[in-house]
> 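Would you mind keeping the following structure in view while I ask a few things?
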Number of protein chains: 2
Amino acid sequence: MSDDEIKKNSIRAPHFVTLRDIAESASVSVSTVSRALAGKGLVNRRTESRILRIAEAMGYRPNALARSLVTRNSGLIGLMLHNLLNASFQRTAEIIQTRLADAGYQLLLCITGDNPQQEADFLSMLFDHRVEGLIYVPTGKNMELIRRFTDSGVPVVGLIRRQIDSPYDSILLDDINGAYEGTRYLLELGHKRIGILVGRPETNSGRERLEGYLKALHEFGVPENPNYICRGPYNAPFGKQACETLLDLKTPPTALFAANHEASFGVMRVLSERSISIPDQLSLLCYEDEPWFSWQKPAISVVDSGPEAMANLAAERLLQRIIRPDAFSGGRELRMGAKLIIRDSCGAGPGF
Amino acid sequence: MSDDEIKKNSIRAPHFVTLRDIAESASVSVSTVSRALAGKGLVNRRTESRILRIAEAMGYRPNALARSLVTRNSGLIGLMLHNLLNASFQRTAEIIQTRLADAGYQLLLCITGDNPQQEADFLSMLFDHRVEGLIYVPTGKNMELIRRFTDSGVPVVGLIRRQIDSPYDSILLDDINGAYEGTRYLLELGHKRIGILVGRPETNSGRERLEGYLKALHEFGVPENPNYICRGPYNAPFGKQACETLLDLKTPPTALFAANHEASFGVMRVLSERSISIPDQLSLLCYEDEPWFSWQKPAISVVDSGPEAMANLAAERLLQRIIRPDAFSGGRELRMGAKLIIRDSCGAGPGF
DNA sequence: CTGTTAGCGCATTCAT
DNA sequence: ATGAATGCGCTAACAG
């Protein structure tokens, strides 16, 4: 009978070792065990080490949930990204998780697919889990939910996109300047027929990169040519189609600025298909670095948007806010400067 | 005085709304609120809806920590990977998080860098957080810690690598067969001088892929040539060096099997540099698909190890175990079959 | 249908 | 230096 009970329990309810178990085994109170394990030296040296040994022997591990409940620190941080396909997001996720783990936090990862409803669901779940901080790329549709966090004193850091009046810090990319620098580089090489592929006008990067491109053009007194501007979705097929269109122009560009990252794949495919020699026949500049860009022949020059720096900054910033929750200091906006990485895919243009 | 207190509290202690708050506001007991929110219909329709409205109005959100503590379900699942750079790991992470989120679980992401110490630390943290399941790529050095999970009835699913006698399910890749199929494909195309790049003998994939390669060779009566076999680390520089070595042989291979994924980058670089025409002058087959492979010209044929299928299976398997924790059924080993994806990088060989 | 009572595992007063 | 008592927010068994 009793035997039966024991067996039944041991199979179905794998009891986790608790402070109480240790306390009983050590013939002390739960509080003493708690203190001993805290290691603040509030306990007799001898009994402390005895308790430690027993705890070790019993395989004790603190229940983070119970602890969180009383300390009001979950040790959890939420990270919400669109996907993990984009090289920038990968770097971001990896760096942030590593940095936060070093600081003793665990990362709750959420992939939204840039879907506002998904975002809303995840935001609720993260809130329920009482994350102590949140880093995310906003869709912009769930500001009321975000306000839940900020109102509760949970720091939030936004990435890449930002609504005006966001009650939290944001780390943005300097797409205007990045595109400007890239275009200027091509202009200085002597190109004036520069084709550009960018995201749609609805997107931030689409607008800003085009703006930077135009700014450089104007600065060099080069008239803009609508035929040289291709706007489309973030995918390879668009890049293929756009590249073909550009190359088939009566006076095709002498340089291509693939400022829509995903489209670069399609562009490179077309250039290979048509056996266009880079940079002799055509100069190619891409946006956002990709590991294999440097292993292409020729190695592809890029405007690097700096995802690593952004991720590091985001993690740092969040940790700062957690430590010093100055309620009134939120809402700052930081721009992560873009950097031109010159490799071998751009050559001299016809000149002016 | 009282005013002062209130202000002070409202600034420094952003009180989260609790069941008690709602109960007071609705003049009912905490349990009634709990029941109403549970929505099992154990409460008067009218009061239930009233409570729901009040909860909504007060912005109530359940404290997952408190709930977990009593229900003994954290709703958390751990995922431990080496990195997020490898395309297979990205897909794995994304798919698993999505699948588990659908099932109502949140993912705690850990990046170990294949470092046993890191792995140990993460395993402890995950255990402390009382994850309800764990999916990971084992280093193989922390079996005692893993046993903590399995002994406690927490299901574990191993990925890619497996120690004999692991007390949990593993989803492995069929590298032997994958390499065999790939090699056989090249042989059938008429190649007999096939160079191969694989991981070091210490690695699983290194050993198995070489085995598959040799098996195919023997089956076709082709003698193995040590000069055609290059073993090295998982990185691009190795690929570059190895590829150069192979090509500089007096009788270089007519086909290259880049079965060390990361090395593929270096290989492709060399082939471009030397303007070797694929597949006319040389056939190229890679291992593990990469998004841009299909956008190269020619599109690269690969042996796909099936990370998506593996991730899906892992998630499914874990969820099953969580639902039905049949203590005695663990320890199964599943092989995820590899698949040959034929694109344009392999052509006819000289024949036999 | 509803309120009261008991914890979940832990940290933290308050006594001693 | 230690034990007893309290409560974190919630669910669940028990009475009514």
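All chains are named by letter (A, B, ...) in the order of the sequence lines, taking the proteins before the strands, and each is independently numbered beginning at 1. Note: hydrogens, waters and symmetry copies are ignored here, and every other heavy atom, side chains too, is used.
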> Would you mind telling me which of C:dG3, D:dT2, C:dG9 lies closest to the side-chain atoms of A:Thr47?
D:dT2
> Within the structure, does a side-chain N or O atom of B:Ser29 lie under 4.0 Å from either OP1 or OP2 of C:dT2?
no
> Taking for each residue the nucleotide of DNA chain C with the nearest heavy atom, is it A:Leu65 or A:Arg35 whose nucleotide lies nearer the 5' end?
A:Leu65
> If you measure from NZ on B:Lys141 to CG on B:Asn115, what distance do you get to the nearest 0.5 Å?
11.5 Å
> How long is the line joining CG of A:Asn73 and C1' of C:dA11, in whole Å?
12 Å
> State whether B:Ser68 places a side-chain N or O below 4.0 Å from either non-bridging phosphate oxygen (OP1 or OP2) of D:dC10.
no
> How close or far is atom P of C:dA11 from atom CG of B:Asp128, stated in whole angstroms?
11 Å
> Given atom CG of B:Asp21 and atom P of D:dC8, what is their separation to the nearest angstrom?
11 Å
> Roughly how many Å is it from CZ in B:Arg130 to P in D:dC10, rounded to a whole number?
21 Å
> Below the 4.0 Å mark, does D:dG9 have OP1 or OP2 next to a side-chain nitrogen or oxygen of B:Thr18?
no
> Map every base of DNA chain D to its dot-bracket character, where paired means a Watson-Crick or G-U wobble contact with both distances under 3.5 Å and | marks a partner outside the strand.
||||||||||||||||
> If you check the A:Asn44 side chain, which of D:dG9, C:dC10, D:dT2 turns out closest?
D:dT2
> Considering only C:dT2, C:dA11, D:dT2, which nucleotide approaches the side chain of A:Val70 most closely?
C:dA11
> What's the CD-P distance between A:Glu48 and D:dT2, to the nearest Å?
9 Å
> Should the ring pair B:Phe89 and B:His82 be called parallel, tilted or perpendicular, given that the plane angle runs from 0 to 90° and is split at 30 and 60?
perpendicular
> Between B:Arg162 (side chain) and B:Tyr168 (backbone), is there a donor-acceptor pair under 3.5 Å?
yes
> Would you find a donor on one side and an acceptor on the other, under 3.5 Å apart, between the side chain of A:Asn73 and the backbone of A:Gly75?
no
> With a 4.0 Å cut-off on heavy atoms, is A:Leu42 in touch with a base, just the backbone sugar-phosphate, or nothing at all?
base
> Okay, side chain of B:Arg91, backbone of B:Glu308: is any donor-acceptor separation there less than 3.5 Å?
no
> Calculate the interatomic distance between B:Arg67 atom CZ and D:dC8 atom C1'; express it in whole Å.
16 Å
> Can you measure from CD1 (A:Ile111) to CG (A:Leu85) and round to the nearest 0.5 angstrom?
9.0 Å
> If you measure from the Lys or Arg side-chain nitrogens to the Asp or Glu carboxylate oxygens, is any gap between B:Glu48 and B:Arg35 under 4.0 Å?
no
> Charged N to carboxylate O below 4.0 Å: is that the case for B:Glu24 and B:Arg20?
yes
> Which whole-number value in Å describes the distance from A:Arg20 CZ to C:dA11 C1'?
17 Å
> What nucleotide among D:dT11, D:dG9, C:dT2 has an atom nearest to a side-chain atom of B:Ser34?
D:dT11
> Could you check whether A:Val30 gets within reach of a base, just the sugar-phosphate, or nothing at all, counting any heavy atom under 4.0 Å?
nothing
> Roughly how many Å is it from CZ in A:Arg72 to P in D:dG7, rounded to a whole number?
14 Å
> Nearest nucleotide by nearest heavy atom, which residue falls closer to the 5' end of DNA chain C, B:Ser31 or B:Leu69?
B:Ser31
